[in-house]
Asks: 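Below is the structure I would like to discuss, written out as structure tokens.
Values in this document were obtained by computation on a predicted structure and should not be read as measured data.
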Amino acid sequence: MECVNFSAVLSDTEDLSTIRGSGLAMLHAIEYAAKALKELTRGAVEQVTTGASVGVFRVSAADEADAWTVARNLRARLTAHAPAASNDEESEPARPLPGAIDEDELLRVLDHLSILTAACADTADFRADMETLLALIRWQQQQAPSLVLPAAGTSWDKTKLICPNDHTRLADTWIFRRKDEGSGPYPASRSVRDRHAYGRHYKQTLYDRVIHGTSYLKDGGSRFGRPKYADELADLARRPDEALDGKMAVLYADGNRFSKQIRDLVKASDTPIETQKAIDKALQGWRRDLLKKVVKLIRQDDPTYPLRRIETLLWGGDELIWVLPAWRGWEVAALFAEHIRNRAVEGKGRSMDVPEKDGWSMDMSHGLGMVFCHYDAPINGIRKLAKKLADDVAKAERTSTRLAVMVLESFDAVGQDLEAHLTRTYGTAGITPTAMCLTAPQGASWNDVPCAVAAMKKHLPRRRLHALADALLHHGPVTPETDRAWGRFWRDLDAPAEAAIREAAETLGRCWGFDAQGKDARLWLHLDMLWDYLAPDVQDMAEV
């Protein structure tokens with residue numbers, strides 16, 4: 001089974017809870033599908049591999065026709081047109097909901113997703129079987145509408161408005177506002193209403209149940225009943241009277257050639273399905289440990305603040321998207337890089353339930369894209385920009401963890417062609433867009449970056465740095481104008497200040513994969529761009 005046509009449910013609205021509800025429902029659908037298959041086949045169901053929106057299972061069937069009957073029945077179960085939710089204010093449930101996922105509420109959301117199923121015989125060639133299933137799903141996808149249409153007989157008598165959230169579907173119901181947004185409901189389509197409610201009710205399930213390893217469909221007890229995580233980006237980025245109040249960071253991570261690595265490992269194995277399952281288990285454990293570390297870091301914010309500031313827009317497979325407070329953005333990127341370096345994923349014989357001859361290891365490097373911006377920026381546009389940055393990093397170099405960063409002040413427009421924008425920005429300085437990427441080297445740590453920047457802020461006036469960066473951008477690294485800017489940069493600094501700045505520049509050079517002597521133009525351009533976001537709580541030195 002696979003959820004397809006993502007744009008109709010993940011990019012059709014800027015409402016955060018609606019986007020979150022779509023992603024969570026895809027994750028929960030895999031577990032629900034396994035349960036439904038057990039009931040449909042009245043037998044054992046083996047979960048072979050799962051991702052953020054894909055589930056592959058092995059079941060017993062009399063023949064291929066019988067298997068296809070099971071597949072069609074599964075799809076019918078997952079799109080079962082659950083009864084519409086009661087939508088009066090008194091019956092609107094609190095959030096987050098304790099206990100297990102409500103199956104009727106899940107089915108209401110799944111009814112708005114494009115879910116396809118396929119079946120094939122289990123042959124001796126596991127990879128060929130997987131390719132067959134993929135081809136069958138894609139063939140169906142080409143014949144299916146990208147937008148799930150309302151069920152037959154749906155009445156639109158309540159209102160003739162178009163949903164103000166997705167601007168596509170008719171608004172036949174409503175969503176209740178938050179108390180700080182004003183009283184009363186506002187119109188919405190049934191799709192937006194169901195996804196919005198699901199995103200509000202089950203946000204906490206991703207963190208608590210992933211970290212504790214608890215099934216989504218099982219009652220987790222009272223420990224999951226307390227609100228912990230911010231529902232809105234405004235809450236996530238709120239930091240009154242502090243640096244970076246109202247700013248957020250969107251981090252996109254994509255594993256380098258994970259699919260190819262897994263495919264090659266499985267192909268080379270004498271027990272391919274067992275190897276596939278072992279790799280899935282190891283990767284899930286790796287991600288779970290990463291999430292634990294990130295949540296622990298986020299908890300270190302103001303202990304009196306009642307909400308934890310993190311939003312997950314994508315989780316599963318080899319990709320993830322986090323929205324973080326801007327003052328935690330670099331720290332999470334550094335934590336990500338350290339987690340990759342310190343926790344290699346590998347199978348070692350019986351410890352991974354894989355025969356000794358099927359021992360394996362993977363390159364865990366990632367392409368990372370991070371955008372700093374105001375929380376009011378359109379989240380879908382920022383998400384796409386972060387993904388494009390990561391994709392370009394991965395295409396350029398797939399053997400190390402690299403990061404591309406962009407800072408958008410106010411509502412800066414990048415346009416449709418990111419590469420053209422970056423070429424225009426850095427072309428005069430003789431720097432290609434790919435060369436601006438930051439590399440996580442083996443001999444240094446991104447954790448050292450904030451301390452180096454903090455040391456610079458004690459001695460280096462921001463105005464001087466900006467003047468140098470401006471000269472590098474507009475006149476190139478080796479010109480008379482740049483030479484004069486370099487002279488002004490070092491002018492009137494006493495010996496201790498100059499030594500401290502040079503030492504910090506060398507540290508940044510090692511951490512970012514640039515010239516360790518601090519002469520690389522890219523170092524100063526990044527420093528100027530990220531000045532407010534690295535060591536934000538350190539007071540800048542005023543120009544004298």
Side-chain angles (χ1 to χ4, degrees), residues 242-249 326-327 329-330 370-374 377 389 403-414 421-433 435-438 449-494 496-509 511-512 514-515 517-544:
E242 298 286 345
L244 301 180
D245 177 35
K247 298 295 184 71
M248 67 181 186
W327 58 92
W330 181 264
M370 186 158 60
V371 180
F372 291 99
C373 59
H374 195 271
L389 288 169
L403 169 67
V405 187
M406 182 167 287
V407 174
L408 298 183
E409 298 297 348
S410 184
F411 288 97
D412 294 348
V414 174
H421 170 79
L422 294 176
T423 300
R424 288 193 302 270
T425 302
Y426 300 111
T428 306
I431 302 171
T432 65
M436 283 295 290
C437 297
L438 305 176
V449 168
C451 290
V453 174
M456 279 207 179
K457 287 185 175 183
K458 294 178 181 179
H459 302 285
L460 178 62
R462 173 66 188 277
R463 186 182 301 175
R464 294 195 186 192
L465 172 63
H466 187 68
L468 174 61
D470 187 66
L472 291 169
L473 277 178
H474 293 94
H475 302 293
V478 185
T479 62
E481 292 84 355
T482 307
D483 288 341
R484 287 194 291 270
W486 274 111
R488 289 191 295 269
F489 181 83
W490 297 110
R491 186 181 60 200
D492 300 331
L493 291 175
D494 58 30
E498 181 174 342
I501 293 172
R502 291 189 184 278
E503 182 180 357
E506 290 178 7
T507 299
L508 292 175
C511 291
W512 288 343
F514 299 150
D515 177 13
Q517 300 303 314
K519 297 179 180 179
D520 196 313
R522 296 172 297 174
L523 186 152
W524 303 103
L525 294 176
H526 272 102
L527 188 59
D528 181 56
M529 177 175 62
L530 298 173
W531 185 262
D532 294 331
Y533 299 90
L534 302 175
D537 297 322
V538 177
Q539 184 67 36
D540 290 351
M541 177 185 177
E543 183 75 76
V544 178

Asks: Calculate, to the nearest 0.5 Å, the distance between atoms NE2 and NZ belonging to His374 and Lys247 respectively.
Replies: 7.0 Å
Asks: Nearest 0.5 Å, please: how far is CH2 in Trp490 from CG in Leu460?
Replies: 8.0 Å
Asks: Are Leu408 and Phe372 close enough that some pair of their side-chain heavy atoms sits under 4.5 Å apart?
Replies: no
Asks: Mind checking whether Met436 and Leu422 have side chains closer than 4.5 Å, heavy atoms only?
Replies: no
Asks: Given side chains that start at C-beta, do those of Trp524 and Trp486 come closer than 4.5 Å, heavy atoms only?
Replies: yes
Asks: So how far is it from Leu465 CG to Phe489 CZ, rounded to the nearest 0.5 Å?
Replies: 6.0 Å
Asks: Quick check against the 3.5 Å criterion: does Arg464 have a side-chain atom that pairs as donor or acceptor with the backbone of Arg491?
Replies: yes
Asks: Can you see which heavy atom on Ala505 is nearest to which on Leu523, and at what distance?
Replies: O-CD1, 3.3 Å
Asks: Does Glu481, at its CD atom, have more than 12 non-hydrogen atoms belonging to other residues, nucleotides or ligands within less than 6.0 Å?
Replies: yes
Asks: Nearest 0.5 Å, please: how far is CD1 in Ile501 from CD in Glu506?
Replies: 12.5 Å
Asks: Checking Leu244 against Tyr533 for the side-chain contact (heavy atoms from CB on, under 4.5 Å) test, could you report, in this order, the C-alpha distance in whole Å, the side-chain angles of both residues, the deciding distance, and whether it holds?
Replies: CA-CA 8 Å; Leu244 301 180; Tyr533 299 90; 3.8 Å; yes
Asks: Distance from Thr425 atom OG1 to Met406 atom CE, nearest 0.5 Å?
Replies: 7.0 Å
Asks: Please tell me if the side chains of Leu508 and Val453 come closer than 4.5 Å, counting only heavy atoms from C-beta onward.
Replies: yes
Asks: Between Arg502 and Glu498, does any side-chain N to carboxylate O distance fall below 4.0 Å?
Replies: yes
Asks: Specify the closest pair of heavy atoms between Ala485 and Ala467, including all atoms of both residues, with the distance to one decimal.
Replies: CB-O, 4.5 Å
Asks: Looking at Thr482 and Gly476, would you say the former's side chain and the latter's main chain have a donor-acceptor pair under 3.5 Å?
Replies: yes
Asks: Give a yes or no on whether the backbone of Ala471 and the side-chain of His475 come within a donor-acceptor separation of less than 3.5 Å.
Replies: no
Asks: Report yes if the side chains of Asp528 and Leu472 come closer than 4.5 Å at any heavy-atom pair, otherwise no.
Replies: no
Asks: Hey, does the Lys NZ or Arg CZ of Lys457 hover above the aromatic six-ring of Trp531, less than 6.0 Å from the centre and inside 45° of the axis?
Replies: yes
Asks: Keeping His526 on the side-chain end and Arg522 on the backbone end, is there a donor-acceptor pair under 3.5 Å?
Replies: yes
